[in-house]
Amino acid sequence: MPKNSASEPRQNQRPALALLSDEDLRLCLRKMYLIRKFEEAAEASYVRGLIHGTMHLSIGQEASGVGAVTPLRPTDYILSTHRGHGHCIAKGADPKLMFAEFFGKDTGYCRGRGGSMHIADVAGGNLGANGIVGGGLPIAVGVGLSSKMRRSGDVCVVFFGDGAANEGAFHEALNLASIWRLPIVFVCENNQYGMSMPVARAMAVPNVADRAAAYGMPGVIVDGNDLLAVFEAAHEATERARRGEGPTLLECKTYRLRGHSKSDRNLYRTKEEIEEWRRRDPIVRFREELTSLGCLTPDASNAIEAEAAREIDAAVEFARNSPQPDPAQLEQNVYA
Amino acid sequence: MPKNSASEPRQNQRPALALLSDEDLRLCLRKMYLIRKFEEAAEASYVRGLIHGTMHLSIGQEASGVGAVTPLRPTDYILSTHRGHGHCIAKGADPKLMFAEFFGKDTGYCRGRGGSMHIADVAGGNLGANGIVGGGLPIAVGVGLSSKMRRSGDVCVVFFGDGAANEGAFHEALNLASIWRLPIVFVCENNQYGMSMPVARAMAVPNVADRAAAYGMPGVIVDGNDLLAVFEAAHEATERARRGEGPTLLECKTYRLRGHSKSDRNLYRTKEEIEEWRRRDPIVRFREELTSLGCLTPDASNAIEAEAAREIDAAVEFARNSPQPDPAQLEQNVYA
Amino acid sequence: MPDAQTAEREITYAEAVREALSQAMEADERVFLLGEDIGVYGGAFGVTGDLYHRFGPERVIDTPISELGIAGTAVGAAITGMRPVLEFQFSDFIMLAMEQIVNQAAKIRFMFGGKATVPMVVRMPGGSGTGAAAQHSQSLEAWFAHVPGLKVVQPATPYDAKGLLLAAIDDPNPVLFFEHKLLYKTKGIVPAAPYRVPLGSAVVRRLGSAAPVVATSIMVTRTLAAADALAGEGIDVEVIDLRSLRPIDKPTLIESVQKTGRLLVVYEGVQTLGIGAEISAIIAESEAFDFLDAPIRRLGGRDTPLPYNPILEKAAVPQTDDITAILRALVAGG
Amino acid sequence: MPDAQTAEREITYAEAVREALSQAMEADERVFLLGEDIGVYGGAFGVTGDLYHRFGPERVIDTPISELGIAGTAVGAAITGMRPVLEFQFSDFIMLAMEQIVNQAAKIRFMFGGKATVPMVVRMPGGSGTGAAAQHSQSLEAWFAHVPGLKVVQPATPYDAKGLLLAAIDDPNPVLFFEHKLLYKTKGIVPAAPYRVPLGSAVVRRLGSAAPVVATSIMVTRTLAAADALAGEGIDVEVIDLRSLRPIDKPTLIESVQKTGRLLVVYEGVQTLGIGAEISAIIAESEAFDFLDAPIRRLGGRDTPLPYNPILEKAAVPQTDDITAILRALVAGG
Ligand SMILES: Cc1ncc(C[n+]2csc(CCOP(=O)(O)OP(=O)(O)O)c2C)c(N)n1
Ligand SMILES: Cc1ncc(C[n+]2csc(CCOP(=O)(O)OP(=O)(O)O)c2C)c(N)n1
Ligand SMILES: [Mg+2]
Ligand SMILES: [Mg+2]
């Protein structure tokens, strides 16, 4: 997707803009809105009893998902987490099929078998959300290895949280990826908490990226609420990976504005803290930046937002009207 | 054990000597000889068909085991590895009961149930060798936590190899120990290989100790074939742990002169490399240092060596003459 | 009016677990809790609740997300004199800790010739029914019932949740304590004072003359509902709550089969090699064999990962109607 | 003189495994090997041998000691078009990788609604008899036979080692391939050309009129020895090699029990909830139930971790004499 921009001055302000056309930028904004509306609609559907189970919303984290995936080609891969709606939409998934999955319908990406925590869009290169914290990290090593063995040139972006960085899987995966110089970008979405556990109590170093040194790989820290900053770092890491120079650990500092999941009573953080981060809303910020750079008029942004809302409404409708899976097919697809 | 030495000049040469009396030094030499003779006798017993199973010899690594354990008090703990005879003897175990265990006899430390890979001297503070690479690391966290909760002041030294440093268990254990500031010394015996895998192919950083930074703990590298160097670093780490300042990662660079185990055909390393390290034999080196410092006459060292040999011979005899366990008691001690 | 100690109140299963934890911690300062988000958050299912505020962060220890590490922490603490009670947020996550639980905790005492004990408890919720899908809904207890050195219990009632947990904490061996998500909010009579339900004992929940059903965990509730339905048809089913999967209370099972000549085992775990396989085999090799006059039936989970969709999810594990139907057939003919 | 391809030679079980690996790699460039010390070292038990020199370090990949990581590596490679064959040095170490194997590999296809396949094989030696003690001697196959989405095989002969491994590598599902340490050096006739033994099929190794014995892995050898001994006493035992633990070949078992009216299951894993529990339950709920005229017997591993001492170690798992004795009793009366 990246292509050279014609506008000299703005890329001086933000180097990322050298790589992103106005069209690209609008698409990023559109995706962020799609994610936000998707999750707000998911919340509303839950309240209305249309969705069961639990859900993990990434509201407030849209920039890291979209920014990290934007440098990717369609054939590149991502591996996602329990908080994965954003990654999925960023990689180009169809919200209709995502909502259908969320509603447990046969038309969903996983035919209603997976639900929110397991949405996968394999054809689109999203190898799945994961219910296991850190579960995608070792899988990414295999995806990277396979890409290298098949000489496909494809890169794998694997998302994980700050909490996941304390799992053994993190350590083994980063080490393997590094010694084999695999085309992987490890994207840590550090949203300050693993459920109720603040990062500072879960580890004795200030940044997850500080751990990159233990694997001899670059560790990069960016403001995860700044889409262009995330994009720029991810672009560099992706290019590096594609050149065969190995993996990068990219840490996006961000924040989840909602609770961890439906059971969260927010006892471990203050309203003020949440408010403080709400003021750094990545969508508002990006939108304002685009406006001030002259890439987008307020009207155009409003139109993007409204269109995203319509698409999500249609997706919910599609999901509601889709058929339930047939219980007679329960044991289908246990085996190939 | 450490006490002030009267001899000013020698502690200027080696600061460790400020803490070790002549008696202490002789005990260190004695333990190193006991280990060497123990393992040579184990080899011989194996060849003679007296021992079955496999064994992992630490010949060439005696300084790291003895050096790391010497700063400990009797109530302090160690956790050991599959290559654990040295640690066990260093912590004060009785070679008779160790050999009996090796011979699978009812008089052994584990009544013949554990064998070489599971020798434990719980009363002496050795909480066991371990058949699982890295298996002791998470256990050490619990030992350290328990020590802290019980306010016993006891320190836990946990040994592991360079290969173990790539297990997830390493990562989780070091992180937990660090955030909880536990009284633990993580002693990595880097003998250059995990079975056939050279360190440089198994990780992308030159030293295991480089990983300490990922946990906000000190990482210290010493010449693992230099007993005094190991002792000094271990002493500092132990004191730090006892003061409640948290864990240390101590890496001892050493070499195993024997194959990994009985199945090893040494295809992954050269004779020259082995020869090169043989010249750095930690026992010879320590003994010569003691002689040159005037702590020990050659005759006295010879006597220590001979006495160790006799003790080991007696241990083998004890083991040979000990009774086999009674198969009727097979299911004993499955439960308490 | 009974005083606070002898009072029997209706409390939930989750409250019963919490009460056991709290009484064990009050009685023995070696007991402490370890787990992810068990502190201020009060546990993913709210089970530890206010214990953090009552006992402080030194005894209710919030851990990073490091299942293998914290399992090892429990092992190390247990062998050096403490009595850790570990919580996994979902029993599915124990897979990350199998090494410490099965290779270490279960074997240390044996491998060391009896020179150490490993008194630790691992609490965790299993089971489906909350739409949590394949990685958060499994019933894995049968794996651990296969492992010498472990004990395994599955309380089905608030009363047993408290009594078995206190017994598990007392026990000098590693005990795996499988709670059930759907049971957390169910209520039952629970004495306020501490009491123990012995590990290894099944209990007859309903006496009857027809085919006994051996059930575990939430399947006890569903089986009792099925038995009530069948009572109206004049079928009088005996219901046994297995409670303890290792060791298994063989005499209670054998006796009941000898009385009725039939057997159905109902459990949520995958049918193949689930606990029903063992119960069936125990009966088929026992003196009760000669009393059998119909095939031994098992009704376990279907041969599939747990699906997200609620209709499929229900279809994947035994429901009351399934139990009723199979029992009717079993009593009728075989 | 037969040409090289049609030749049948006597080779060892380890060689048969190696030959399957090598033929699969020659035939399909997606197949590659992954494991600790499988390269220059040739594998902890020498199974991969010279494959590293023949196929190079890109297809015979030596890994660091990171069981969870390499299991995930296999999963990721499998879902993106490769066909990884992973070796664990001892099956005991799979405990570190349960998460990837059971939560991921076994469920991905189902969770994704059939949109992905996970064609991977995990090879590993199980079993006792080498004095390797409690953490290197377990027989854990029953755990995996409990997991929908996995296939599980246990070859007992060199012929099956090769044929089942080639079939496992072809299979689009994750297959756990349990080798046995004590079988590695046993020899048998193995055709040189590639061939497949279908997963899910048991085989009758010895036809007989008396109690069939269903045995697995090395217990097949011991049972055949016991059967030979009993033949001298006029007892003609039928011996079935189960070969595949998931799926299980129920028709073959049922048919054999219907013929003889009795059943013994012999296996090395812990008896409780080992594969014998499932076989017993399958028969007890099947149409063969009515043919049974004696209790179904199981002879599995004793209820203990594996001890180091060789006398105890032998006592902990079934030996030929144990099988002979129990069969004699079973045929005599029940
Ligand atoms: C192995 C495992 N342990 C625990 C959980 C329960 N859990 C789900 S999300 C979560 C917090 C994860 O924190 P982080 O990695 O920072 O991601 P975030 O939720 O903040 O996006 C926990 C503990 C799980 N799903 N898997
Ligand atoms: C979890 C696990 N994986 C693999 C093995 C097999 N194994 C035993 S020792 C060893 C090498 C260990 O290397 P290192 O940690 O460096 O210790 P060293 O043998 O060099 O002392 C291996 C691979 C094991 N015992 N446990
Ligand atoms: Mg987080
Ligand atoms: Mg090593």
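So you know, we letter chains A, B, ... as the sequences are listed, proteins then strands, and number each from 1. Since we're looking at a predicted model, the values are computed, not measured.
- Counting only distance, with no hydrogens or angles, the side chain of B:Arg150 and the backbone of C:Met82 share no donor-acceptor pair below 3.5 Å.
- A heavy-atom distance below 4.5 Å is found between the side chains of B:Leu145 and C:Ile61.
- Looking at B:Asp106, there are no atoms closer than 4.5 Å to chain C (heavy atoms on both sides), in backbone or side chain.
- Interface residues of residues 155-175 of chain B toward chain C, defined by a heavy-atom distance below 4.5 Å and sorted by number: B:Ala169, B:Glu172, B:Asn175.
- Atom CZ of residue C:Phe112 and atom NE2 of residue B:His118 lie 8.5 Å apart, to the nearest 0.5 angstrom.
- Using a distance-only test at 3.5 Å, with no hydrogens or angles considered, a donor-acceptor pair links the side chain of C:Lys115 to the main chain of B:Tyr109.
- For the set C:Glu29, C:Gln104, C:Arg30, the count of heavy-atom pairs under 4.5 angstrom toward chain B peaks at C:Gln104.
- Atom CZ of B:Arg243 has more than 12 heavy atoms from other residues, nucleotides or ligands within 6.0 Å.
- Listed options C:Gly149, C:Pro172, C:Gly114 were ranked by heavy-atom pairs under 4.5 angstrom with chain B; first place goes to C:Gly149.
- Identified by a heavy-atom distance below 4.5 Å to chain C, the contributing residues of residues 322-336 of chain B are B:Leu330, B:Gln332, B:Asn333, B:Val334, B:Tyr335, B:Ala336, in residue-number order.
- Residues C:Gln100 and B:Pro138 share a closest heavy-atom pair of NE2-CG, 3.6 Å.
- Residues of residues 72-79 of chain C placed with any heavy atom under 4.5 Å of a heavy atom in chain B are listed by number as C:Gly72, C:Thr73, C:Val75, C:Gly76, C:Ala77, C:Ile79.
- Using a 4.5 Å cut-off between heavy atoms, C:Leu150 touches chain B through its backbone atoms (N, CA, C, O) alone.
- Summarising the geometry, atom CE belonging to C:Met111 is positioned 8.5 Å from atom SG belonging to B:Cys110; distances are rounded to the nearest 0.5 Å.
- Here the side chains of C:Thr80 and B:Leu127 are in contact, with some heavy-atom distance below 4.5 Å.
- Of the atoms belonging to C:Glu58, heavy atoms from both backbone and side chain fall under 4.5 Å from chain B.
- When B:Ile119, B:Val143, B:Val141 are compared by the number of non-hydrogen pairs under 4.5 Å with chain C, B:Val143 comes out ahead.
- Looking at C:Glu67, only its backbone comes within 4.5 Å of chain B, counting heavy atoms on both sides.
- At a heavy-atom cut-off of under 4.5 Å, chain C is reached by B:Leu176, B:Ile179, B:Trp180 from residues 176-183 of chain B, listed in order of number.
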